[in-house]
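Atoms considered below: every heavy atom in the structure, side chains included; atoms not considered: hydrogens, waters and symmetry mates. Note that this is a predicted model, so its numbers are computed, not measured.
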2 protein chains.
Amino acid sequence: MTVVRSPTRVPSPRRREILDAAATLFAARGFHGVSIEEIGGAVGISGPALYRHFSGKESLLSEMLLDISERLRTSAVERATRAADGEQALDALLAGQIDFALDHPALITVHDRELGNVPEPARRRIRRLQRLYVEEWVTVLTELYPDAPPPRLRAATHAIFGLLNSTPHSAGELPRDAMAALLHRMARAALADLVNDH
Amino acid sequence: MTVVRSPTRVPSPRRREILDAAATLFAARGFHGVSIEEIGGAVGISGPALYRHFSGKESLLSEMLLDISERLRTSAVERATRAADGEQALDALLAGQIDFALDHPALITVHDRELGNVPEPARRRIRRLQRLYVEEWVTVLTELYPDAPPPRLRAATHAIFGLLNSTPHSAGELPRDAMAALLHRMARAALADLVNDH
DNA sequence: CTCGGATGTTAGTCATCATTAACCGATTCG
DNA sequence: CGAATCGGTTAATGATGACTAACATCCGAG
């Protein structure tokens with residue numbers, strides 16, 4: 001039996017390969033600090049061949065950020081709805097973000113660094129997805145801490161993202177499992193503090 | 001009586017002005033995404049006039065990061081030595097980093113984003129200062145949690161930096177004082193968790 | 001008053017870089 | 001067998017941008 005072709009075009013492995021290489025380079029020196037030639041070179045082809053896969057450098061970045069934002073958000077929605085209660089939902093969100101940050105440090109880096117270089121049609125969509133992702137967290141947190149005002153929960157969510165996304169800076173300090181456990185516990189403890197007044 | 005001229009040249013206000021404007025621009029679109037012309041324009045002069053104050057664009061960036069790293073580190077050393085005990089030292093470090101992050105979000109952003117674009121002589125010095133800053137935190141934490149191995153404390157320190165440096169992302173969610181208090185408490189709670197096993 | 005330094009200006013120069021053009025081999029499919 | 005599509009190549013092209021040159025102005029000191 002043959003595989004059913006989904007309506008979205010089958011993703012060529014080259015595309016993904018290019019996106020991965022570009023993410024690493026962008027994370028190291030920024031979008032404008034990397035040339036098309038370099039990105040091509042990183043995957044064994046040279047320069048203008050990229051235009052067979054992307055319509056331009058900015059499209060490449062747009063697609064990269066769009067993909068990241070989508071993956072984060074849909075993963076969050078899935079995990080949160082699967083959870084039995086608020087506590088489990090929070091743990092699931094934490095685990096998802098931690099896994100992503102540990103598995104794809106370059107994507108995390110690019111994700112919160114390069115939005116300012118995305119051209120306008122795509123930028124709005126990315127921002128929208130990022131906002132939805134944050135609101136997913138805020139919804140879960142609201143269930144756990146009903147007395148905390150939403151702006152406080154939003155600020156706390158961003159703080160937790162910062163904590164979890166520190167992995168690119170502390171790479172190699174601890175084995176992966178220990179790092180995941182440490183981040184999970186620290187984030188949990190930081191959030192537990194929200195239960196208090198003010 | 002005339003003021004004694006210190007050996008380091010008196011800092012012209014223009015230099016500082018340029019550094020501030022450049023920091024804001026770099027934070028928004030990255031080092032290579034901003035032109036000399038733009039930086040000049042932001043302070044009312046135009047383009048090549050910058051070369052009267054800096055020997056080049058990269059020197060400008062080097063000096064910016066060097067200055068930030070130095071300020072963070074010396075402030076940390078001062079605060080830590082002034083403190084009576086470990087608890088107070090930690091609170092002082094937290095307060096210092098939080099103030100800096102709230103007062104200079106652009107500098108914070110540039111500081112951990114653009115090291116990869118600093119040319120080699122300066123890069124080493126900046127890394128050194130950053131390392132010393134981290135070790136200052138690790139020293140204080142070691143006093144509080146003598147059983148935790150240093151890599152764990154270093155990872156935790158980076159995580160706390162990420163948490164505190166989230167302010168550029170949550171700008172405007174809360175008034176400054178509330179934000180400072182929230183971050184301080186969350187960081188404290190996250191670190192208190194380190195006292196536990198493993 | 002005038003000399004010199006500090007600070008600007010505008011007009012090059014030279015590299016780099018994104019993008020396009022023109023061309024080519026392979027694979028698929030009719 | 002073609003013919004087309006896919007994915008590459010190398011050689012323009014055109015902008016942009018960092019940096020330099022040449023020249024002006026202001027101002028303080030001798």
Side-chain angles (χ1 to χ4, degrees), chain A residues 2-3 5 8-26 28-65 110 114 116-123, chain B residues 2-3 5 8-26 28-65 110 114 116-123:
Chain A
T2 62
V3 174
R5 183 68 51 94
T8 52
R9 191 165 289 109
V10 50
S12 102
R14 244 318 140 72
R15 263 180 101 79
R16 177 51 48 86
E17 201 185 349
I18 292 169
L19 285 167
D20 286 354
T24 305
L25 290 168
F26 290 165
R29 296 201 311 284
F31 178 70
H32 292 289
V34 178
S35 74
I36 285 287
E37 192 65 34
E38 267 176 300
I39 301 172
V43 302
I45 67 184
S46 245
L50 288 184
Y51 289 82
R52 299 293 172 198
H53 303 275
F54 299 92
S55 70
K57 201 186 176 190
E58 287 187 330
S59 317
L60 198 164
L61 181 66
S62 299
E63 186 161 326
M64 188 183 300
L65 294 199
V110 171
E114 302 293 357
N117 288 312
V118 175
E120 206 18 292
R123 193 188 315 201
Chain B
T2 61
V3 174
R5 181 70 51 96
T8 54
R9 189 162 291 108
V10 51
S12 101
R14 245 313 141 77
R15 265 179 99 77
R16 179 49 48 91
E17 200 184 351
I18 292 170
L19 284 167
D20 285 354
T24 305
L25 291 168
F26 290 165
R29 294 200 313 285
F31 178 69
H32 292 289
V34 178
S35 74
I36 285 288
E37 191 65 37
E38 267 176 301
I39 301 172
V43 302
I45 68 185
S46 245
L50 289 185
Y51 289 84
R52 300 293 172 195
H53 303 275
F54 300 92
S55 72
K57 200 187 176 190
E58 288 187 330
S59 316
L60 199 162
L61 180 67
S62 299
E63 185 159 328
M64 187 183 299
L65 294 200
V110 171
E114 302 292 357
N117 288 313
V118 174
E120 207 18 292
R123 189 185 325 195

Check A:Glu58 against A:Asn117 and note the closest heavy-atom contact, atom names and distance.
OE2-O, 4.3 Å
Remember a base hit wins even if backbone is also touched, and classify A:Gly56 as base, sugar-phosphate or nothing at under 4.0 Å, heavy atoms.
sugar-phosphate
How many whole angstroms separate atom CG of A:Leu50 from atom P of D:dT9?
10 Å
Could you state the CD1-C1' distance from A:Ile39 to C:dA18, rounded to the nearest angstrom?
11 Å
Determine: side-chain N/O of B:His53 to OP1/OP2 of C:dG8, distance under 4.0 Å, yes or no.
yes
B:Glu114 and B:Gly30 have their tightest heavy-atom pair at OE2-CA, 3.3 Å
For B:His32 and D:dG17, give me the distance from atom NE2 to atom P, rounded to whole Å.
13 Å
Regarding the side chain of B:Lys57, the nearest nucleotide among C:dT9, D:dT9, D:dA18 is D:dA18
Looking only at C:dT9, D:dG17, D:dT9, the nucleotide nearest the B:Arg52 side chain is C:dT9
Spacing between A:Glu38 atom CD and C:dT19 atom P, to the nearest angstrom:
15 Å
Donor-acceptor pair, distance only, cut-off 3.5 Å: does the side chain of A:Arg29 make one with the backbone of B:Gly116?
no
Against the side chain of A:Ser46, the closest entry in C:dT19, D:dT9, D:dA18 is D:dT9
Please report, rounded to the nearest Å, how far the P atom of D:dA12 is from the CD1 atom of A:Ile36.
20 Å
Selection from D:dT20, C:dT9, C:dT20 that lies nearest to any side-chain heavy atom of B:Pro48:
D:dT20
Determine the minimum heavy-atom distance between B:Ile36 and B:Gly47, stating which atoms define it.
CG2-O, 3.5 Å
Once you round it to whole Å, what is the distance between P of D:dG17 and CD of B:Glu58?
16 Å
A:Tyr51 has a side chain; which of C:dG8, C:dT19, C:dC17 sits nearest to it?
C:dT19
Compare every heavy atom of A:Leu50 with every heavy atom of A:Gly40, then report the nearest pair and how far apart it is.
N-CD1, 4.1 Å
Look at B:Arg14 and C:dG8 and indicate whether a side-chain polar atom (N or O) is within less than 4.0 Å of OP1 or OP2.
yes
Rounding to an integer number of Å, can you tell me how far B:Ile18 CD1 sits from C:dT7 P?
10 Å
Specify the separation, in whole Å, of atom CZ of A:Arg15 and atom P of D:dG7.
10 Å
